[in-house]
Amino acid sequence: MENNLQKKFYTKKTSPIMKKIIFLFIFSLLLQIPLSFIGSLIFDRGDLYNKTVISIGNEWGKNQKIIAPVITISYTDTGIDNEKDIINSKTLAVVPVEKKFVILPDELNAIIKIKDEIRQRGIYNATVYNANMKLKGFFSPKDFPKNKKIKSYLSIGLSDTKALIKINKLKIGNLEKDLDAMSGTMAVPLITNGISAELKLDFNKILEEEKIPFEIDIDFRGSKDISILPLGKKNNIEISSNWKSPSFSGILPSEKNINNNGFSAKWEVSNLVRNYPQIIDINEDKYDDFYYDDSYYDDSYYDDSYYDDSYDENNSNNENTVIKTGLFDSITDYTQITRASKYGILFIMMSLVIVYIFEVISRRFTHYVQYLIVGLSLIIFYLLLLSLSEHIGFEWAYLISSLAIVIPNSLYIMSLTSNKKLGIGMFFFLSGIYAILFSILRMEQYALLTGSLLILTVLYVVMYLTKNTEIFERLENREK
């Protein structure tokens, strides 16, 4: 009696089904090790790609921010010298003080035409652009100081002046001759980068006019995105390009049209949306919208220490009232491959379970080494996808990589089980999960839902294939 109990206990303990299930579970977890190595490789290649794109952008032209046009006014006024001991002194020290401020336009009409271009370095491509900007509008003479001997400049802010190609027109007032441009905005520290032109005009005569018109035409280069401040009391801005997938942030366009030929967008913005007045003191007033954001092109962009809480508090760069258009792919091939690898453990476990179910159905023993071969082939899919996508693009790389895994594994299962139907079943199963994975990678809002439905579908298939318990009983008896 005791020997029979021990025999039954020993039989249960060494059940082939439980042994294989435990093996599949442990083996799936161990496959996470090579999968994590491939994930690190994907990250390194993606990091190298990002740095290459940044390097190309630095050389061609950074993201351009336009703060134009403004008129910079400088004049001498009187003030009290704060360094004098006013309390103990019988007389106040009155000294000349330079006053500097900028005047914003009453109306600003901007037309920006952008043409994107591909620059290549090694195996990496980066999208950059050439742009033409036409600015028209007028200033109000009422904003200028009266009875002051002033110096005035037409100032144009451009975040990356080294990418300035050509000034086609630079006019103000009713002058027939263009102004002579010079480097520097004359509005530092409010506007740090750009160009300017001195206005050698009779302001007493100009102030008698109702409007001071301006006309500016500039060619420049850039990359990643382009933005412009709505400086006028009334702003009409139009941006168009052959880029097919733009992103808009800050102030969204009132009209936009996106098709296979590119996009066009229009903005009608009043001065009520912005947080700065029509006249700004250069030395005293600080407004976030005027800051340039170069973090994308800074090596410290990759350093966690770059992000400092004090930056958000004292110098936040939300740019909520900036018109900004992005001309870059936020989702790269490396991003999609990383997302695909995160589903790796799930798909590998499902594939190994299906192999085991086919083993049970076919009543043919599958060795552990054969499971090892199937598991490693599923891991190689991500490595093959990474290497091919760098040369032929993600879509073709995904198709070739999936076929390179699906077809050999289907033939392998057909050979192991000596059953053509099971080989065909493996082909359809692997083709299905790789097709669903591709769909998940293309989705943004429904990725989680699709993944959940996939797991549920596989569970139902497993339930259907394992509904007959006689198969497992025969397998148990065969191994006794």
Would you say that Ile218 contacts Leu164 through its side chain, given a criterion of any heavy-atom pair below 4.5 Å between the two side chains? yes
For Thr332 and Thr335, run side chain to side chain donor-acceptor pair (under 3.5 Å): C-alpha distance rounded to whole Å, both residues' side-chain angles, the deciding distance at 0.1 Å, then the answer. CA-CA 5 Å; Thr332 64; Thr335 307; 3.1 Å; yes
Spacing of CG belonging to Leu179 relative to CD1 belonging to Ile195, to within rounding of 0.5 Å: 10.5 Å
Residues Ser152 and Ile71: closest non-hydrogen pair is CB-CG2, 4.3 Å
According to ring pair (Phe, Tyr, Trp, His ring centres under 6.0 Å), does anything in residues 108-137 pair up with another residue at least two apart or in another chain? List the pairs. Tyr49-Tyr124
Only pairs under 3.5 Å count here: list side-chain donor-acceptor contacts from residues 35-44, not counting sequence neighbours, and write none if there are none.
from  : atom 1 : to    : atom 2 : distance (Å)
Ser36 : OG     : Gln32 : O      : 3.2
Ser36 : OG     : Ile33 : O      : 2.6
Ser40 : OG     : Ser36 : O      : 3.2

Using modelled atom types and a 3.5 Å cut-off, is there a donor and acceptor pairing between side-chain atoms of Ser74 and backbone atoms of Lys151? no
Using a 4.5 Å cut-off on heavy atoms from C-beta on, say whether the side chain of Lys324 contacts that of Asp225. yes
Do Phe290 and Val102 come within less than 4.5 Å of each other through their side chains, counting heavy atoms only? no
Name all residues meeting the side-chain contact (heavy atoms from CB on, under 4.5 Å) criterion together with Ser28; count only those two or more places apart in sequence or in a different chain, and write none if there are none. Ile345, Met349, Leu352
Take Ile212 and Phe138 through the side-chain contact (heavy atoms from CB on, under 4.5 Å) test and state the conclusion after the steps. CA-CA 5 Å; Ile212 305 175; Phe138 64 87; 5.7 Å; no
What are the two closest non-hydrogen atoms of Leu31 and Gly375, and how far apart are they? CD1-CA, 3.9 Å
With side-chain contact (heavy atoms from CB on, under 4.5 Å) as the test, would you mind laying out the steps for Arg121 and Glu59 before giving the verdict? CA-CA 12 Å; Arg121 180 176 295 174; Glu59 296 171 0; 2.6 Å; yes
Any heavy-atom pair between the side chains of Ile103 and Ile73 that's under 4.5 Å? yes
Student check: side-chain heavy atoms of Arg274 and Leu104 closer than 4.5 Å: yes
Taking every non-hydrogen atom, the tightest pair across Ile251 and Pro230: CD1-CG, 4.0 Å
Once you round to the nearest 0.5 Å, how far does CD of Glu215 lie from CG of Leu170? 10.5 Å
Counting only heavy atoms from other residues, nucleotides and ligands, does the tally under 6.0 Å from NZ of Lys136 exceed 12? no
Any non-hydrogen side-chain atom of Pro189 less than 4.5 Å from a side-chain atom of Lys286? yes
Minimum side-chain heavy-atom gap Ile56-Ser223 below 4.5 Å: no
Using atom types as modelled and distance alone, determine if a side-chain donor or acceptor of Thr72 lies under 3.5 Å from a backbone N or O of Ser155. no
Just do the side-chain contact (heavy atoms from CB on, under 4.5 Å) check on Thr127 and Asn125 with the steps written out, would you? CA-CA 7 Å; Thr127 302; Asn125 295 325; over 6 Å; no
For Lys256, is the NZ atom crowded, meaning more than 12 foreign heavy atoms sit under 6.0 Å from it? no
Just checking Phe427: does its CZ atom have more than 12 heavy atoms from other residues, nucleotides or ligands closer to it than 6.0 angstrom? no
Could you check whether any side-chain heavy atom of Ser402 comes within less than 4.5 Å of a side-chain heavy atom of Leu430, counting everything from C-beta outward? no
Restricting to non-hydrogen atoms, name the atom on Pro277 and the atom on Tyr287 that form the minimum distance, rounded to 0.1 Å. CD-OH, 3.3 Å
Closest non-hydrogen atoms of Leu108 and Leu231, given as atom of the first, atom of the second and distance, are CD2-N, 4.1 Å
Would you compute the distance between atom CD1 of Ile228 and atom CD of Gln64 and round it to the nearest 0.5 angstrom? 12.0 Å
Please evaluate residues Asn130 and Asp219 with respect to the criterion side chain to side chain donor-acceptor pair (under 3.5 Å), reporting the C-alpha separation (whole Å), side-chain torsions for both, the decisive distance (0.1 Å), and the verdict. CA-CA 7 Å; Asn130 289 286; Asp219 294 330; over 6 Å; no
Taking Glu268 first and then Lys266, would you say they form a salt bridge - that is, a charged N and a carboxylate O separated by under 4.0 Å? no
side-chain contact (heavy atoms from CB on, under 4.5 Å) between Ile280 and Val70: does it pass, once the steps are laid out? CA-CA 10 Å; Ile280 302 175; Val70 300; over 6 Å; no
Ser196 side-chain N/O to Gly184 backbone N/O, donor-acceptor pair under 3.5 Å: yes
Looking at Asn259 and Gly262, would you say the former's side chain and the latter's main chain have a donor-acceptor pair under 3.5 Å? yes
Between Lys65 and Asn63, a side-chain donor and acceptor under 3.5 Å: no
For the residue pair Ile156 and Ala68, what are the closest heavy atoms and their distance? CG2-CB, 3.5 Å
Identify each donor-acceptor pair in which a side-chain atom of residues 385-398 lies under 3.5 Å from a protein atom, sequence neighbours left out, and give them as a table.
from   : atom 1 : to     : atom 2 : distance (Å)
Ser387 : OG     : Leu383 : O      : 3.2
Ser387 : OG     : Leu384 : O      : 3.0
Ser389 : OG     : Leu385 : O      : 3.0
Ser389 : OG     : Leu386 : O      : 2.9
Glu390 : OE1    : Arg45  : NH2    : 2.8
Glu390 : OE2    : Arg45  : NE     : 2.8
Glu390 : OE2    : Arg45  : NH2    : 3.2
Glu390 : OE2    : Tyr334 : OH     : 2.6
Glu395 : OE2    : Arg442 : NH2    : 2.1
Tyr398 : OH     : Tyr434 : O      : 2.5
Tyr398 : OH     : Phe438 : N      : 3.3

Does the side chain of Asp217 come under 3.5 Å of the side chain of Asn132 through a donor N or O and an acceptor N or O? yes
Hydrogens and angles aside, do Thr338 and Ser341 bring a side-chain donor and acceptor to less than 3.5 Å of each other? no
Check side-chain contact (heavy atoms from CB on, under 4.5 Å) between Lys115 and all other residues, then give those that pass, not counting sequence neighbours. Asn242
Could you check whether Gln278 and Asn271, counting side-chain N and O atoms only, form a donor-acceptor pair closer than 3.5 Å? no
Which pairs, with at least one residue in residues 153-162 and sequence neighbours excluded, count as a salt bridge (charged side-chain N to carboxylate O under 4.0 Å, His left out)? Asp160-Lys162
